[in-house]
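One structure is given below, encoded as structure tokens.
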2 protein chains.
Amino acid sequence: MTGGYLKGRIRREDIITAAAAAYGELGYHGSSLRAIAKRVGISHAGLLYHFPTKEALLAAVLERRDAEDSEREQLTVPPGLDVLRHFLALAEYNVRHPGIVDLYSRLAAEAVAPDHPAHEYFVRHYRAARDGVHESFAALAARGELRAGVEPGMAALTFIALMDGLQVQWLTTPGDVDLVGSLRRYLQNLLTVPL
Amino acid sequence: MTGGYLKGRIRREDIITAAAAAYGELGYHGSSLRAIAKRVGISHAGLLYHFPTKEALLAAVLERRDAEDSEREQLTVPPGLDVLRHFLALAEYNVRHPGIVDLYSRLAAEAVAPDHPAHEYFVRHYRAARDGVHESFAALAARGELRAGVEPGMAALTFIALMDGLQVQWLTTPGDVDLVGSLRRYLQNLLTVPL
DNA sequence: CCTACCGATCGGTAGG
DNA sequence: CCTACCGATCGGTAGG
């Protein structure tokens, strides 16, 4: 009888979805187990049957985010222009899914504290993002497709920072910020070839 | 007898300082009146004698931040290169005062929510920052000191976003991020004259 | 999965 | 400014 297991897995996914939404709206510390459980229609003790602690639930939310990312990412993309285009596509996706941007921005700011349970996650996340973009800028530089004076490492750091900063401003004053357009123009400005 | 008033004002300043530090470390919602009061050495009821509600204390923290900013800003600086240099000086100042960066990043992320008591503050803050930088880029463009293809409005939005994004990454992985250097190179890249 | 409970903590008030 | 208190809420546990 695998039916029982299936039901449990579906319920767990529902809980993770509800938690991600709550974290986006209220942050991790601001989201109580009771409030998350209510979205799913169970008691907070029932939630703790599926996830033993509040931190375990956060870990599950971050794991699923990573899983979704690597799914979308298709590891087949080699360093270069396509990686940059992939980031623009991600930004387009995010504009249509503000809840994800909320979640990410709220958690990233909270997790600046070294004792935050998601701190190590974001340390790894930032390093991986920077390294990936760095590699692509380096490949472009080697082909002479990067403007003179643009240093790949610095450009990668700056690009990631720009994405994050634009997201917060976009969430605060949505009408004032063209998220995708700003990123596209920034990248195009660094290149000697069309994006 | 003005002595009593003076003592009260000093105590209030101490409370605001403690609150700003707490907001930076734990966010607004994460900072209890009891924890803030403890830093000052009074009870939380004593704190409420000086600030009637939790929100009133937040308002006082934001007001002081604005006062400090406009003090440092010297309204004498006309739009142009000096305004950009002023932002770089601000970044240098921030690197030596991580608590301020903490406060700002934490509150900005929390205040993305429209019902956050600091939401309107950040809406105004972002608009003012963008308008100020926009004006300077426009002045530079008029003098032909902006690289071709660089649009002042977009460049201003991007510059503010970059500052914010770099700050979060710097707080998360301080060793990996050169805050001032990254900003300087970004700006220099937009200009046809040396910064 | 539930009800019922625990100790801890929250913002705010009463009364001095 | 204090002590003492209020009702509400928190994460987690016991016991089914």
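Each chain gets a letter, A, B and so on, in the order its sequence line appears, and its residues count up from 1.
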#### Entry: Value in whole Å for how far the P atom of D:dC10 lies from CG of A:L26
10 Å
#### Entry: Rounded distance in Å - CD1 (A:I42) to C1' (C:dT3)
14 Å
### Message
Any strand counts, and the cut-off is 3.5 Å on both contacts for Watson-Crick or G-U wobble. Which nucleotide pairs with C:dG15?
### Response
D:dC2
### Task
Could you go through the side chain to side chain contact (heavy atoms under 4.5 Å, CB included) check for A:Y126 and B:V177 one step at a time?
CA-CA 11 Å; A:Y126 279 132; B:V177 176; over 6 Å; no
### B:R64 vs B:E68, salt bridge (Lys or Arg N to Asp or Glu O under 4.0 Å): CA-CA, chis, key distance, verdict
CA-CA 6 Å; B:R64 193 171 78 180; B:E68 287 169 353; 3.7 Å; yes
### Query
Could you go step by step and tell me if A:E55 and A:Y28 meet the side chain to side chain contact (heavy atoms under 4.5 Å, CB included) rule?
CA-CA 9 Å; A:E55 283 197 23; A:Y28 167 68; 3.3 Å; yes
### Query
Counting any heavy atom closer than 4.0 Å, what does B:H44 reach on the DNA or RNA strands: base, sugar-phosphate only, or nothing?
base
### Task
Scan B:L48 against the nucleic acid and name what it touches under 4.0 Å (heavy atoms): base, sugar-phosphate only, or nothing.
base
## Note on the structure
Closest to the side chain of B:A45, out of C:dT13, D:dG12, D:dC5, is C:dT13
### Query
Roughly, in whole Å, what's the span from NE2 in B:H29 to C1' in D:dC10?
16 Å
### Task
Can you tell me the distance, in whole Å, between the CG atom of A:L33 and the P atom of C:dA8?
19 Å
### Query
Taking CD from A:E55 and C1' from D:dG12, how many angstroms apart are they, rounded to a whole number?
13 Å
### Task
Drop me the distance from B:Y93's OH to B:F87's CZ, to the nearest 0.5 angstrom.
15.5 Å
### Message
So A:S32, base contact, sugar-phosphate only, or nothing? Heavy-atom distance under 4.0 Å.
### Response
sugar-phosphate
### Message
For A:Y186 and A:F159, take the angle between the two ring planes, folded into 0 to 90°, and tell me which bin it lands in: parallel under 30, tilted 30 to 60, perpendicular over 60.
### Response
parallel
### Message
Given C:dG12, D:dT3, D:dG11, identify the nucleotide with an atom nearest to the side chain of B:R34.
### Response
C:dG12
### Query
Separation of A:I36 atom CD1 from D:dC10 atom P, in whole Å?
10 Å
### Query
Among C:dG12, D:dG12, C:dC2, which nucleotide sits nearest the side chain of A:T53?
D:dG12
### Summary
Rounded to whole Å, the NZ-C1' distance (B:K54 to C:dC10) equals 8 Å
### Task
Let me know the distance between OH of B:Y49 and P of D:dT3, rounded to the nearest Å.
16 Å
